Amino acid sequence: MKGKILVTGGAGYIGSHTTVELQNAGYEVVVLDNLSNSNADVIDGIERITGIRPAFVKMDLQDKDALRNLFETHPGIRGIINFAASKAVGESVQKPLLYYRNNLVTLLNLLDLMPQYGVEALVFSSSCTVYGQPDILPVDETAPVKPALSPYGNTKQICEEIIRDTIHAGAPFQSILLRYFNPVGAHPTAEIGELPLGVPQNLLPYITQTAIGIREQLSVFGDDYDTPDGSCIRDYINVVDLAKAHVIAVDRMLEGKTKENVEMFNLGTGTGVSVLELIRTFEKATGVKVNYKIVGRREGDIAKVWANPARANNELGWVARESLEDTLASAWKWQLRLREKGIM
Ligand code: UD1
């Protein structure tokens, strides 16, 4: 065993895939989740993949006493990966206080208690949303942070600053901030995947739900952007590739390989793909047609963003390996599995 890692939000989409990779790498994982946007069955899925059942604590990370209790009952946690956060951009505009409270208070509680319990390392889930519409593409980590377009985006910026300030003030731990581009796909076993509650806000779950007939038609938000085909461009990164980067980040901190006490890395493929290209690639990878129509732009969307992942490639030795075709096929396999199980 390499040590004990607390994964907050570990029953969620990226958290569950990361738990699997941590276990595969020999870490013992404690999953914390309030199940506000996930399901306890995910723990079974993780166990079916790895053969190891992670400890699971259902609690709200806003409850500091409960967190203290978790540290007492699971002594020896060396690192934390913090996924626990609300992430719907539109909802954050409607309910800003919910977003500020949930995303900030949970982080503050962790930072407060980490020194007391000797936790050495924190990986924080950040987002390329901090760059807004970058002036230079592909965007690297030296690009300026732009004013956030939503309370959700603002919480990512503020959380990054809180971590930096806390460590600058001498907190006895290190942190790696990971700025994700657009995570997509599912575990190749289809035991775990993305499980959006209600109508999906993100593109790929909407595509797979349309392909299987849960949704009638996908709306493509805008074809008049300044891009080759007029639809928005993003950098779609396979969720298992993304999960593996977290393990490398934890190793790096616990093995004393960091160059600074706070480091940040873009996690993307380096390739921009338009919405229309993504639909076509999905159809090619699965042989299933997607019924879609072009509608107006979605408020708050930026035209194009994709990563320069050179720093993560060179410093972490991490690269996005999965092809887009295989990634989209994995999302489809997961959607079919949900149907098989009668979940969706
Ligand atoms: C955004 C944020 C990301 C955040 C995520 C959380 C940016 C660049 N990215 O991702 O940081 O973590 O929200 O949800 O700010 N689309 C359609 N039809 C749909 C759904 C989406 O055409 O039904 C298009 C969007 O216009 C966009 C692309 O698909 O161009 C991807 O959208 P989505 O999956 O929602 O992710 P982002 O908005 O890029």
Side-chain angles (χ1 to χ4, degrees), residues 9 12-15 37 83-94 99 103 124-134 137-139 143 145-157 159-160 177-185 194-211 214-237 239 242 266-269 272-282 290-307 324 327-328 331:
Y13 174 43
I14 308 173
N37 194 24
F83 294 106
S86 305
K87 61 152 198 162
V89 176
E91 186 187 41
S92 80
V93 177
Q94 306 300 323
Y99 274 66
N103 293 6
F124 179 70
S125 281
S126 191
S127 167
C128 70
T129 195
V130 302
Y131 300 120
Q133 176 61 66
L137 287 167
V139 61
V145 166
K146 295 264 179 80
L149 293 171
S150 69
Y152 159 78
N154 208 17
T155 66
K156 292 296 171 194
Q157 298 190 2
C159 285
E160 286 197 359
L177 316 175
L178 297 177
R179 292 174 170 170
Y180 313 151
F181 284 68
N182 288 58
V184 290
E194 191 169 6
L195 199 56
L197 295 179
V199 181
Q201 305 297 310
N202 293 112
L203 179 59
L204 189 56
Y206 211 106
I207 288 179
T208 58
Q209 289 195 11
T210 306
I214 298 171
R215 312 278 156 210
E216 202 183 319
Q217 193 170 48
L218 167 75
S219 296
V220 172
F221 299 135
D223 69 347
D224 55 353
Y225 284 97
D226 177 23
T227 59
D229 66 21
S231 65
C232 293
I233 295 179
R234 298 287 184 272
D235 184 333
Y236 295 94
I237 168 78
V239 68
L242 189 76
N266 282 346
L267 297 180
T269 66
V273 173
S274 77
V275 175
L276 294 171
E277 279 173 333
L278 194 82
I279 294 170
R280 274 196 298 277
T281 311
F282 177 86
V290 180
N291 179 23
Y292 73 90
K293 66 166 184 250
I294 311 283
V295 301
R297 294 181 176 195
R298 179 171 72 177
E299 201 191 327
D301 267 338
I302 59 162
K304 45 188 166 183
V305 64
W306 64 95
L324 186 59
T327 300
L328 298 178

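Remember, predicted model here, so these are calculated numbers, not experimental data. Just follow the structure's listing: the first ligand is 1, and inside any ligand the first atom is 1.
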Using a heavy-atom cut-off of under 4.0 Å, does the side chain or the backbone of L203 touch ligand 1, or both, or neither?
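Contact part for L203 vs ligand 1: both backbone and side chain.
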
Pick one of side chain, backbone, both or neither for how L204 approaches ligand 1, counting any non-hydrogen atom pair under 4.0 Å.
neither

Heavy atom of the protein closest to [atom] (residue, atom name, distance):
{"atom": "atom 22 (O) of ligand 1", "value": "F221 N, 2.9 Å"}
{"atom": "atom 30 (O) of ligand 1", "value": "C232 CB, 3.0 Å"}
{"atom": "atom 24 (C) of ligand 1", "value": "V275 CG2, 3.8 Å"}
{"atom": "atom 3 (C) of ligand 1", "value": "S127 OG, 3.7 Å"}

Provide the number and element of each atom of ligand 1 under 4.0 Å from a heavy atom of [X].
{"X": "T129", "answer": "11 (O), 15 (O)"}
{"X": "Q201", "answer": "20 (C), 35 (O)"}
{"X": "D301", "answer": "25 (C), 26 (O), 38 (O)"}
{"X": "Y236", "answer": "28 (C), 31 (C)"}
{"X": "V220", "answer": "22 (O)"}
{"X": "V89", "answer": "13 (O)"}
{"X": "S219", "answer": "17 (C), 18 (N), 19 (C), 22 (O), 23 (O)"}
{"X": "K87", "answer": "6 (C), 14 (O)"}

Heavy-atom distance to [atom]: which of [options] wins?
{"atom": "atom 10 (O) of ligand 1", "options": "L278, N182, V130", "result": "N182"}
{"atom": "atom 5 (C) of ligand 1", "options": "I302, V305, N202", "result": "N202"}
{"atom": "atom 12 (O) of ligand 1", "options": "F181, Y206, Y152, Y180", "result": "Y152"}
{"atom": "atom 9 (N) of ligand 1", "options": "S86, C128, S125, S150", "result": "C128"}
{"atom": "atom 32 (O) of ligand 1", "options": "R298, R297, K304, R234", "result": "R298"}

Modelled atom types, side-chain donor and acceptor of E91 and Y152, under 3.5 Å
no

Less than 3.5 Å apart, any donor N or O on the side chain of T210 or N291 sitting next to an acceptor on the other?
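Their side chains do not contain a donor-acceptor pair, so the 3.5 Å distance test is not met.
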
Below 4.5 Å, heavy atoms only, C-beta onward: do [X] and [Y] meet side chain to side chain?
{"X": "Y180", "Y": "S125", "value": "yes"}
{"X": "Y236", "Y": "L324", "value": "yes"}
{"X": "L276", "Y": "S231", "value": "yes"}
{"X": "W306", "Y": "V139", "value": "no"}
{"X": "L267", "Y": "P183", "value": "no"}
{"X": "C232", "Y": "R298", "value": "no"}

Of the options T208, V220, I279, L278, which is the one that meets V290 in a side-chain contact (heavy atoms from CB on, under 4.5 Å)?
I279

When you measure from the side chain of R297 to the backbone N and O of D224, does any donor-acceptor pair fall under 3.5 Å?
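Judged by distance alone, yes, a pair lies under 3.5 Å.
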
So, does N103 use its side chain to make a donor-acceptor pair with the main chain of S86 at under 3.5 Å?
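Looks like yes, one N/O pair under 3.5 Å.
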
CD/Q133: more than 12 non-hydrogen atoms of other groups inside 6.0 Å
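It does: Q133 CD has more than 12 such atoms within range.
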
Report yes or no: does Y292 have a heavy atom closer than 4.0 Å to ligand 1?
no

